[in-house]
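The next block holds one structure in the form of structure tokens; read it before the comments.
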Amino acid sequence: MSFSRILDRSIIELPRLIDVKLDAFPDIPENCDRLGLDENVSLLTGETTYKIAGKSVEQVLEDSGRNVSVYHVKEATLEESERIQEFYKDTSCEFSVAVGGGRVIDAAKYSSFEFKIPFVSVPTIASHDGIASARSSLRGLGYKTSYPAQSPLLVVGDIRTLSQSPQRFTVSGCADVISNKTAILDWELSNRITGEHISAYASSLAEISALSMIKARKEIAKDRVKGAYHVFKGLITSSMAMCIEGSSRPASGAEHLIAHSLEQRLETIALHGELVGAMSIFSMYLHGGDWKEIKATLEVLGAPTSATQLGIEDRVLIEAILSAQSIRPERYTILSSGVTEKAVVRALTDTGLI
Ligand SMILES: [Zn+2]
């Protein structure tokens, strides 16, 4: 973003309340009261997440005298968002609460934004840093694209629920935050080469969240409750950096472009955070930085550090890297000046990714 565009921007959208504690559900009604969220609420959830957490949230909201209508989100697509908005209309919905994973949160974030009602986010997994950001990842023309949406007014981090989710999700969220390290290097590179404005505040915040994950890696690997707490806080901090910048720039560089390139090629693959974490090793190698630190951290966490562990064929990975920059040419990264296949293979081999 150029500095003149920065001066044109007048809005920084952030969540109003973030409630992080072991048992955060009982306080949802009181927090909704504080935010003036009353009466008719649409609770968006998934089949499994309804049983795990959605039902409890429905109960506390009903006990507070609110009318709760439950909608089971099937997919995060534009078509599903149309159905959700119909549901909002039919139930005279005044605000929406999303209880679930990325699919449910993304669908609710976008649908509530389009329908112009406030939105409360209750994630059941801590798997990526879109938790509090103002963008939504939806499947449009066969592949995922990022759409403008809104930040949640309230984010509920119920550590008990998050700590009981499969550890793979928490580790993936942690890896997503760690990848900020290379996203920031790409941003700094762009600042030097293209003159793109860099926000010291947003980049510092993104970097602090990555460093805090590296510092807490052993605890995250061993202690489910402490781990969920650390990762949730890291994801929120990373989300904040994106909110302040008004784009994903502080937390998304070449490692994310490669992940998107892989996501477009394959139907079922590794989790987002697993992909960007491993690709951060590759990017850090090209930047000439300490890629071994990222790799060692991911190993402690039990996150994938090779194409085989990610379930990707070497050739697919190489092709995904070579075409990654074309997904978003305007986002300057270490790949923008062009990398040869020979250089990619060398980097992947030296880092043990293939
Ligand atoms: Zn990410």
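Read the numbers this way: they start at 1 and go in the same order the structure lists the ligands and their atoms.
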Shortest-distance N/O/S atom, His272 versus the Zn ion (ligand 1): NE2

Please walk me through it: do Asp27 and Lys21 pass salt bridge (Lys or Arg N to Asp or Glu O under 4.0 Å)? CA-CA 10 Å; Asp27 291 340; Lys21 53 175 169 266; 2.9 Å; yes

Please give the atom name: the N, O or S atom of His256 nearest to the Zn ion (ligand 1). NE2

Any donor and acceptor pair, going by atom type alone, linking the side chain of Glu219 with main-chain N or O of Ala216 inside 3.5 Å? no

Pair Tyr285-Asp350, side-chain donor/acceptor within less than 3.5 Å: yes

Atom name, Asp176 (N, O or S, nearest to the Zn ion (ligand 1)): OD1

Side chains of Ser238 and Asn180: any donor to acceptor distance under 3.5 Å? yes

